[in-house]
Amino acid sequence: MKIKNICCIGAGYVGGPTMAVIALKCPDINVTVVDMNKEKIEKWNGDLDYLPVYEPGLREIIAQVRNKNLFFSDKIDESIQKSEMIFMAVNTPTKTEGQGAGMAADLSFVESCAKNIALVSKNDKIVIEKSTLPVRTAEKIKTILKKYNNECHFEILSNPEFLAEGSAIEDLFKSDRVLIGGDTTTSGQKAVKALVNIYSNWIPIDKIITTNVWSSELSKLASNAMLAQRISSINSLSVICEKTGANTVEVAKAVGMDHRIGSYFLSPSPGFGGSCFQKDILNLVYLCEHYGLNEVAEFWHQVIKINNYQRMRIVHKVEELFKKDRKGRITILGWAFKKNTNDSRESSSIYISNSLLNMGYKLNIYDPKVTEERILDDLNNLNKINNNPAYTSTSDKLQIYNSLNESINGTDVILILTEWDEFKNFESDAKIIDTRNIYNGNKYFKL
Ligand code: NAD
Ligand code: UGA
């Protein structure tokens with residue numbers, strides 16, 4: 001089956017970069033990324049310096065393929081109709097209400113995509129789950145597609161995305177593996193082959209693995225759970241290091257040099273952030289509980305609990321410094337959940353800063369890529385839950401800066417929370433708490 005037109009629903013951190021790379025590597029295919037958020041689409045079509053997603057290398061690709069074979073549009077129905085293959089790359093956050101609230105994935109965005117596809121399609125389509133989903137979601141999607149369209153045949157594939165933000169383009173170019181789950185039926189295998197053909201334009205064939213749909217869905221949750229587990233493991237060891245005089249970085253190096261363990265994902269931190277680790281593990285915990293696997297659920301839940309513990313541990317370090325006298329100013333360096341992204345979803349900076357503000361500390365905040373508006377939204381969204389008054393950046397309590405030097409001027413304590421390169425070297429008399437082990441000068445505390 002020759003694919004000529006691809007539609008991707010969801011122009012976010014996955015949809016944008018992934019489709020940009022497919023368009024670049026498959027010049028014969030027209031790729032249209034659609035989104036219900038018109039403002040986002042306008043930004044994708046606008047100034048290359050202000051794309052909605054910041055990723056190293058993305059700007060250059062967009063400049064090369066935009067309006068050649070990559071299009072951003074809000075005409076969702078039209079794009080679905082003309083495409084043989086449709087990716088669903090919409091958000092799947094943790095449910096905030098109803099059954100499973102606080103744990104299960106909110107599938108309403110995926111479900112509404114499926115309904116939309118069914119309602120407007122006039123011929124057969126391959127529908128691809130790009131979003132991270134609980135195991136057996138494909139069954140639900142199939143039911144929705146059938147309910148709203150009995151005429152066309154929809155083949156559902158699972159093709160989870162493994163890119164990490166900040167290195168998305170590099171990850172997409174040189175994926176460790178591409179995973180495609182499909183039905184074992186003839187039409188299922190035909191659809192799998194069509195997707196394999198697309199990726200094989202740049203991914204070596206031995207790195208494209210095909211499985212059944214359920215293995216593919218579960219492998220994505222399992223990968224994120226295993227990665228996050230390593231961070232909670234090293235963060236929990238960092239507490240023992242502090243008590244015993246061992247050095248976490250030395251321990252991580254010694255442990256990681258065992259090739260059976262490996263050196264990746266052993267950097268201690270103020271806790272992992274990002275839109276996915278927490279939600280995907282909670283989703284896995286919910287799945288375990290659903291099947292009555294309480295011990296397994298508790299095992300994975302502990303990964304989240306250690307993450308929250310680590311965040312509060314950093315707050316207590318600051319408390320220790322001020323010796324309960326909460327006068328003085330703290331500079332928070334870094335709001336993004338990791339370097340090289342403008343994304344701050346679930347960043348530890350939000351939780352640590354919010355706790356400090358609620359305790360009465362005054363904060364300066366600086367991040368090279370996260371906007372002031374975003375920082376205030378992050379804090380105020382968390383504050384709303386506690387019915388606290390909204391923060392503004394002009395209050396004495398909270399100042400948001402556009403430069404590192406201004407943000408650290410006259411401050412008492414500097415708390416490095418994101419590992420941006422520019423935080424490696426700067427001059428200051430303030431006490432420095434370095435939760436990323438990057439600062440080259442004297443530190444009061446490091447993990
Ligand atoms: P995102 O919030 O950045 O983007 C999702 C987009 O989908 C939004 O722009 C939203 O407006 C749009 N959308 C939602 N419902 C829609 C609908 N019915 N019609 C049209 N547009 C709709 O999310 P993201 O970070 O790109 O993540 C998407 C999925 O990919 C999630 O399931 C996530 O777990 C998974 N994932 C994310 C990453 C990552 O690094 N962010 C990596 C791998 C997998
Ligand atoms: C993560 C996975 O790495 C991707 O494979 C996956 O596709 C993605 O989630 C997803 O499903 O959304 P991402 O969250 O973008 O990617 O970034 P990571 O590099 O995994 O970092 C996540 C968090 O863990 C960051 O806050 C980072 O600082 C922290 N981290 C990472 C550590 O604290 N220590 C480490 O050693 C590594």
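None of these values were measured; they are calculated from a predicted model. Numbering of ligands and ligand atoms starts at 1, following listing order.
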I'd like to know if the side chain of [X] reaches the main chain of [Y], judged simply by a donor and an acceptor atom lying under 3.5 Å from each other, with no hydrogens or angles considered.
| X | Y | answer |
| --- | --- | --- |
| Glu55 | Gly166 | yes |
| Ser121 | Ala118 | no |
| Glu155 | Ala191 | no |
| Asn69 | Cys26 | yes |
| Lys338 | Glu165 | yes |
| Ser347 | Trp335 | yes |

Heavy atom of the protein closest to [atom] (residue, atom name, distance):
| atom | value |
| --- | --- |
| atom 4 (O) of ligand 1 | Gly12 CA, 3.3 Å |
| atom 25 (O) of ligand 1 | Arg345 NH2, 2.9 Å |
| atom 18 (N) of ligand 1 | Ser112 OG, 3.0 Å |
| atom 36 (O) of ligand 2 | Ser267 N, 2.9 Å |
| atom 7 (O) of ligand 2 | Leu163 O, 2.7 Å |
| atom 14 (O) of ligand 2 | Phe337 CE1, 3.5 Å |
| atom 32 (O) of ligand 1 | Thr92 OG1, 2.6 Å |
| atom 21 (O) of ligand 2 | Lys338 CD, 4.0 Å |
| atom 12 (C) of ligand 1 | Asp35 OD2, 3.2 Å |
| atom 39 (C) of ligand 1 | Glu165 OE2, 3.3 Å |
| atom 29 (C) of ligand 1 | Val90 O, 3.3 Å |
| atom 26 (O) of ligand 1 | Val14 N, 2.9 Å |

Does the pair [X]/[Y] count as a salt bridge with the N-to-O cut at 4.0 Å?
| X | Y | answer |
| --- | --- | --- |
| Lys339 | Glu422 | no |
| Glu346 | Lys279 | no |
| Arg59 | Asp49 | yes |
| Lys220 | Glu129 | no |
| Asp377 | Arg374 | no |

Output the list of atoms in ligand 2 that are nearer than 4.0 Å to some heavy atom of [X], sorted by atom number.
| X | answer |
| --- | --- |
| Glu161 | 7 (O) |
| Leu227 | 2 (C), 3 (O) |
| Phe162 | 4 (C), 5 (O), 6 (C), 7 (O) |
| Leu266 | 36 (O) |
| Gly273 | 22 (C), 23 (C), 25 (C), 26 (O) |
| Ile231 | 24 (O), 29 (C), 30 (N), 31 (C), 32 (C), 33 (O), 34 (N), 35 (C), 37 (C) |
| Cys276 | 10 (C), 11 (O), 12 (O) |

### Query
Quick one: does Thr32's side chain get under 4.5 Å of Lys82's, heavy atoms only?
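Result yes, sub-4.5 Å side-chain heavy-atom pair found.
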Under 4.0 Å from ligand 1, counting heavy atoms only, is it the side chain of [X], its backbone, both or neither?
| X | answer |
| --- | --- |
| Ser131 | both |
| Ile76 | side chain |
| Ala89 | backbone |
| Thr132 | both |

Please indicate whether any nitrogen or oxygen in [X] is less than 3.5 Å from any nitrogen or oxygen in ligand 1.
| X | value |
| --- | --- |
| Asn37 | no |
| Lys130 | no |
| Met36 | yes |

May I ask you to check whether [X] has an N/O atom sitting below 3.5 Å from an N/O atom of ligand 2?
| X | value |
| --- | --- |
| Arg436 | yes |
| Gly271 | no |
| Ser275 | no |

### Query
Between the candidates Asp280, Val34, Leu133, Leu163, which shows the shortest non-hydrogen contact distance to atom 42 (C) of ligand 1?
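That would be Leu163.
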Please round to the nearest 0.5 Å and tell me the distance separating atom [atom1] of [X] and atom [atom2] of [Y].
| X | Y | atom1 | atom2 | answer |
| --- | --- | --- | --- | --- |
| Ile281 | His301 | CD1 | NE2 | 9.5 Å |
| Trp202 | Ile22 | CH2 | CD1 | 5.0 Å |
| Glu39 | Trp44 | CD | CH2 | 14.0 Å |
| Asn383 | Asn358 | CG | CG | 5.5 Å |

So which bit of [X] gets within less than 4.0 Å of ligand 2, heavy atoms only: side chain, backbone, both or neither?
| X | answer |
| --- | --- |
| Asp171 | neither |
| Tyr264 | neither |
| Lys339 | neither |

With atoms numbered from 1 as shown, which atoms in ligand 1 lie under 4.0 angstrom from a non-hydrogen atom of [X]?
| X | value |
| --- | --- |
| Lys279 | 33 (C), 34 (O) |
| Lys220 | 43 (C) |
| Lys40 | 8 (C), 9 (O) |

### Message
If I compare all heavy atoms of Cys241 with all of Asn247, which pair ends up nearest, and what's the gap?
### Response
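For Cys241 and Asn247, the tightest heavy-atom pair comes out as SG-C, 4.1 Å.
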### Task
Give a yes/no verdict on whether any heavy atom in Gly274 is under 4.0 Å from an atom of ligand 2.
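Distance cut 4.0 Å: Gly274 fails for ligand 2.
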### Query
Below 4.0 Å from any atom of ligand 2, is there a heavy atom belonging to Lys220?
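Distance cut 4.0 Å: Lys220 passes for ligand 2.
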### Message
Listing request: all salt bridge (charged side-chain N to carboxylate O under 4.0 Å, His left out) pairs with a residue in residues 130-150, at least two apart in sequence or in separate chains.
### Response
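Only Lys130-Glu161, Arg136-Glu139, Lys142-Asp183 qualify under salt bridge (charged side-chain N to carboxylate O under 4.0 Å, His left out).
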### Query
After noting the C-alpha distance and the side-chain angles of Lys253 and Glu250, does the key distance pass the salt bridge (Lys or Arg N to Asp or Glu O under 4.0 Å) rule?
CA-CA 5 Å; Lys253 186 174 176 193; Glu250 288 173 358; over 6 Å; no
### Query
Just wondering, are more than 12 heavy atoms of other shown residues or ligands nearer than 6.0 Å to CG in Asn402?
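Not more than 12 within 6.0 Å, no.
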### Task
Specify whether Phe272 and Phe277 have parallel, tilted or perpendicular ring planes, treating 30° as the upper limit for parallel and 60° as the lower limit for perpendicular.
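Ring orientation, 0 to 90° scale: perpendicular.
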